[in-house]
Amino acid sequence: MPGTRTTTTTGHFTFADWQERVIGPGEDANPRLAHASVRNTFTGGIEAAGTTCEYAIVYVTAKTGSFSGMELLTGRVEGREGSFAVEERGFFGEDGTVHCTFEVVPGSGSGELTGLTGEGGFTARHGETAVEYRFAYEVVRGAHGTELRGSA
């Protein structure tokens with residue numbers, strides 16, 4: 001498509017707050033469900049402070065499991081200001097490593113990020129304070145300005 005280019009950006013995020021609670025069947029049961037509310041700060045290609053993130057978590061053992069969640073980011077992508085949401089899915093292993101992929105929720109972009117779609121991911125190792133992420137999206141130049149579209 002004329003005017004389209006795929007862009008990949010990177011950066012880091014840190015989490016400032018992690019509030020987790022067991023939903024059931026109990027603290028020591030496996031499998032068990034939990035819910036976590038998290039606030040992150042992104043730097044780099046995505047600039048967003050104090051994001052809102054909600055996770056549903058399934059612990060298969062005391063240290064392993066999987067999760068899904070939604071995160072709302074307000075800030076900038078490569079200098080374009082607005083808000084957007086991402087859907088996240090991942091798993092965590094015995095060694096504490098978290099593997100996650102995320103995709104922009106279609107239609108969630110606002111401001112200069114209207115039309116944004118894309119996908120990315122990260123691997124967080126136990127004890128890291130800053131986690132590197134990658135994010136790929138396309139920039140579509142239309143008659144009414146710039147739209148960002150994901151490579152998904």
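Only a predicted model underlies this, so the values are computations on that prediction, with no experimental measurement involved. For this chain, numbers begin at 1 and follow the sequence in order.
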| So, Y55 versus E20: side-chain donor-acceptor pair below 3.5 Å or not? |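 Side chains of Y55 and E20: no pair found under 3.5 Å.
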| query | Does any donor atom in the side chain of E78 or T7 lie under 3.5 Å from an acceptor atom in the other side chain? | reply |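 Result is no, nothing qualifies.
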| query | Any donor and acceptor pair, going by atom type alone, linking the side chain of S37 with main-chain N or O of Q19 inside 3.5 Å? | reply |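 Such a contact is absent between S37 side chain and Q19 backbone.
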| task | Examine distances only and state if a side-chain atom of R134 and a backbone atom of G121 form a donor-acceptor pair shorter than 3.5 Å. | result |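 Looks like yes, one N/O pair under 3.5 Å.
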| message | Restricting to ring pair (Phe, Tyr, Trp, His ring centres under 6.0 Å), what partner residues turn up for F42, sequence neighbours left out? | response |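 F42 satisfies ring pair (Phe, Tyr, Trp, His ring centres under 6.0 Å) with F13, Y133 only.
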| Can you list the residues that meet the ring pair (Phe, Tyr, Trp, His ring centres under 6.0 Å) rule with H99, with sequence neighbours excluded? |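 Testing H99 for ring pair (Phe, Tyr, Trp, His ring centres under 6.0 Å), a comparison that skips the adjacent residues, returns F91.
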| Does atom OH of Y59 have more than 12 heavy-atom neighbours from other groups under 6.0 Å away? |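 Counting neighbours around OH of Y59, more than 12 heavy atoms of other residues, nucleotides or ligands fall under 6.0 Å, so yes.
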| message | Within the structure provided, determine whether T52 and E71 are in side-chain contact (heavy-atom separation under 4.5 Å). | response |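 Contact flag for T52/E71 side chains = no.
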| Do E103 and V105 come within less than 4.5 Å of each other through their side chains, counting heavy atoms only? |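 With C-beta onward as the side chain, the pair stays apart.
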I need the minimum non-hydrogen distance between [X] and [Y], along with the two atoms involved.
X	Y	result
N40	C53	ND2-CB, 4.4 Å
T117	P106	CG2-CA, 4.4 Å
G50	R39	O-NH2, 3.1 Å
A36	I57	CB-CD1, 3.9 Å
E88	F102	CG-CB, 3.7 Å
L73	T51	CG-CG2, 3.8 Å

| message | What verdict does the side-chain contact (heavy atoms from CB on, under 4.5 Å) test give for V77 and F135, after you've listed the backbone C-alpha separation in whole Å, the side-chain angles of each residue and the deciding distance to 0.1 Å? | response | CA-CA 10 Å; V77 175; F135 180 52; 4.2 Å; yes
Going from [atom1] on [X] to [atom2] on [Y], what distance comes out if it is rounded to the nearest 0.5 angstrom?
X	Y	atom1	atom2	value
R125	T97	CZ	OG1	6.0 Å
L116	S110	CG	OG	10.0 Å
I46	T41	CD1	OG1	12.5 Å

| query | What class does the angle between the rings of F92 and F67 fall in, given that below 30° is parallel, 30 to 60° is tilted and above 60° is perpendicular? | reply |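 The arrangement is parallel - the two ring planes meet at less than 30°.
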| query | Are W18 and V22 co-members of a hydrophobic cluster defined by side-chain heavy atoms under 4.5 Å apart? | reply |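 In one cluster with V22: W18, no.
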| message | Going by side chain to side chain contact (heavy atoms under 4.5 Å, CB included), F84 matches just one of T74, L113, L72, T114. Which one? | response |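 So, applying the side chain to side chain contact (heavy atoms under 4.5 Å, CB included) to F84 and each of T74, L113, L72, T114, only L113 qualifies.
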Which donor-acceptor pairs under 3.5 Å do the side chains of residues 27-35 make with protein atoms, sequence neighbours left out?
unit_1 : atom_1 : unit_2 : atom_2 : d
N30    : OD1    : R32    : NH1    : 2.8
R32    : NH1    : A29    : O      : 3.4
H35    : NE2    : E54    : OE1    : 2.8

